[in-house]
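Following: one structure in structure tokens, then a few remarks.
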Amino acid sequence: MKEMLANRREILIWFISAATLVLVEIVCRGDIIFAPIGKDSGAFAYFADLWLNGAILYKETLVDNKPPGIYFVDAAAISLFGKSVYAVHLIDIIWNFLSAIAILLMSRELFNKYVAVVVGILFIIFSSVPTLAADGNLTVSYMLFPTIGGIYFLVLYLKGNIRRHLFWSGFLFGVSFLFKQPVAFEAACALGATILLSENHRRYTEICKNILLFVAGGLIPFFFLSLYCTVSGGFKDMVYALFILPMEMSSAGRNIFQRVDILSNVITIFKDDLKSLSLLCIISSAVAIAYLKRFNKVTIFLYLWFLGSLVGSLSGGRVSKQYFLQAVPSMVVIAGIGCYHLSEIKKKSFWKKYKTIVLSIALLVFLRHTVTAEVRDFRDNVLQHVHSPRPLTREELLAEFISANTNPGDYIYGFGGHTYLRASFMANRLFATRHAIPKMFDGGGYESRDYPHPSKTAWMMNEMIEDVIRAKPKLIFGYSD
């Protein structure tokens, strides 16, 4: 009887936790459903739809340095919810919620069920900060779900020394790589921290076995991707997009060690956009130092994980606020350290007597300055959309013009980058070429140190011209995004 009541209580706690996260997700991120689709989001959705209709991955889709994970997720969204902007935004909300559930599970393993809910709420709030989340549907935000899963299995390995957890961690990091390559820095740092803090860190044979097991798991997703691309005929194009093109971009100056604005950008991010979360991390660190007197191995692992995620966020092509989403999961878990250890302090009589009051006041202050603003923004955005729909963007107007002046199945062309792929998706028309990044051709990207020298991408220009001649687009227009 007692066991049955305990099970029911556990199920009830899970239900309340999930319901709380659902509510927070809707409030903090739900209004993105009314936002216009971003230029990158539109490009991903367009080529995901093209892939669903038989296009060969990489060979007949966008030439870009992005792995195909985002295509697969958008393809699932289109298959489940139909071809629309709403489908793309809805899958973004669902995916972010799955990331919150993953971080909830990991936090329950590290702390307790109450702190886990707090950490999950913090993740949703700070992963939805407008300057970081932008218009949603970002490769870095989709990378977080499998990455958190990979970290979760490393934590399990540290606590139980069960070797299969290393394999599954590597597998999930491999899945994460299919969304964005910089996760390799985070995976290497997390694995190194795990080996350093494990019981067998002085046995070199055991270290080699652990690394090989992790790597074997990580290679499985890439093996299946390679197998698929080989069978479909796009393997050579995949290798160029995922490995050669990023190196060419680095040689053009897209390298973190060649940037002088790195430090100022990092300071700005953590001083302004992540100010509240940064303060929570600092306070949590102070609590851990003051009351633990020392860090246990899991706590040290979390800080090393943060450093790895920070390096990964800085390794993108250009310094962008959106890349710092990669550091949010580790930061919210570090913030949970303080919550957990504050609730455990029993030696101080004042704290033991007034602990509930102090924590309640702190929670109310946090809700007042963070959650209240999110609720107000959500309410205002929803009411504004219901009572007075927002004006159409220029891309939406362009999509309406395309729909009115062309027929389904017609090709269109515009020398303006991702803007036209977005319009093609919304208008349900075909773009004349897969080469849609003009900065790769005209030298403008090289001058701003964003893309390779035009001599390295001349073949793209030749293919683009051949594609346009072959497609005979019904409508050609030209303004840049």
Side-chain angles (χ1 to χ4, degrees), residues 25-26 29-64 66-99 133-146 175-176 178-180 221 224-225 228-229 231-232 234 237-238 241 392-393 395-396 398-400 402-403 406-412 414 417-434 436 471 481:
E25 181 74 29
I26 292 173
R29 209 176 183 90
D31 53 350
I32 199 175
I33 204 78
F34 304 120
I37 192 168
K39 63 177 184 178
D40 286 348
S41 304
F44 299 145
Y46 171 75
F47 282 112
D49 182 60
L50 211 61
W51 176 67
L52 278 176
N53 286 282
I56 299 174
L57 193 64
Y58 287 111
K59 190 176 183 65
E60 297 174 350
T61 57
L62 179 66
V63 177
D64 197 4
K66 301 289 191 302
I70 188 73
Y71 294 156
F72 300 152
V73 175
D74 280 348
I78 294 170
S79 300
L80 291 172
F81 309 119
K83 184 179 178 180
S84 69
V85 172
Y86 294 112
V88 175
H89 287 325
L90 185 58
I91 201 69
D92 176 79
I93 295 171
I94 293 172
W95 200 264
N96 192 67
F97 175 72
L98 292 175
S99 300
D135 49 13
N137 202 244
L138 302 167
T139 52
V140 64
S141 65
Y142 282 77
M143 178 189 74
L144 298 183
F145 177 35
V175 173
S176 187
L178 296 186
F179 289 98
K180 205 164 184 67
F224 282 106
L225 173 65
Y228 170 78
C229 289
V231 173
S232 62
D237 301 88
M238 180 204 71
L392 295 179
T393 63
E395 289 77 21
E396 290 169 332
L398 176 61
E400 288 192 351
I402 293 171
S403 297
T406 59
N407 299 314
D410 286 345
Y411 284 94
I412 62 171
H418 289 176
T419 289
Y420 298 110
L421 297 175
R422 178 172 30 172
S424 299
F425 176 74
M426 290 187 287
N428 197 21
R429 298 295 185 267
L430 297 171
F431 199 69
T433 179
R434 66 182 180 136
D481 59 350

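Remember, predicted model here, so these are calculated numbers, not experimental data.
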* Sub-4.5 Å side-chain heavy-atom contact between Y46 and L430 -> yes
* **Non-neighbouring partners of K83 that pass side-chain hydrogen bond (donor to acceptor under 3.5 Å, both in side chains), sequence neighbours left out** => D49, N428
* Please check if atom CZ in F224 has more than 12 non-hydrogen atoms from other residues, nucleotides or ligands closer than 6.0 Å. => no
* Over all atoms of both residues, closest heavy-atom pair of A423 and A399 -> O-CB, 3.9 Å
* Is atom CZ of F97 surrounded by more than 12 heavy atoms (other residues, nucleotides or ligands) closer than 6.0 Å? -> yes
* Decide yes or no for W95 and S141: does some side-chain heavy atom of the first lie under 4.5 Å from some side-chain heavy atom of the second? => no
* Pairing residues for S424 by the side-chain hydrogen bond (donor to acceptor under 3.5 Å, both in side chains) criterion, not counting sequence neighbours -> none
* Starting at CD of E395, measure out to CZ of R422 and round the result to the nearest 0.5 Å. => 3.5 Å
* To do: Working to the nearest 0.5 Å, report the span between NZ of K180 and CD1 of I70.
  => 10.0 Å
* What is the ring orientation for W51 with Y228, classed by angle as parallel under 30°, tilted 30 to 60°, or perpendicular over 60°? -> perpendicular
* Asked: What's the shortest heavy-atom distance between F425 and V85, and which atoms?
  -> CE2-N, 4.2 Å
* Structure fact -> Closest non-hydrogen atoms of I412 and T406, given as atom of the first, atom of the second and distance, are CG2-CG2, 4.3 Å
* Asked: Are any non-hydrogen side-chain atoms of V73 and F145 less than 4.5 angstrom apart?
  -> no
* Structure fact -> Heavy atoms of L225 and F72 approach each other most closely as CD1-CZ, 4.4 Å
* **Shortest non-hydrogen contact from Y411 toward F431** => CD2-O, 3.6 Å
* Nearest-0.5 Å distance, OG1 of residue T139 to CG of residue D40 -> 8.0 Å
* To do: Output the distance between atom CG (D92) and atom CD1 (I32), rounded to the nearest 0.5 Å.
  => 4.5 Å
* Asked: Any idea which heavy atoms bring L50 and E60 closest together, and the distance?
  -> CD2-O, 3.7 Å
* **Which residues share a side chain to side chain contact (heavy atoms under 4.5 Å, CB included) with L80, sequence neighbours left out** => none
* Calculate, to the nearest 0.5 Å, the distance between atoms CG and CG belonging to L144 and L98 respectively. => 12.0 Å
* **Between CD1 on residue I91 and OG on residue S41, distance to nearest 0.5 Å** => 13.0 Å
* **Heavy-atom side-chain contact between L57 and M238 under 4.5 Å** => no
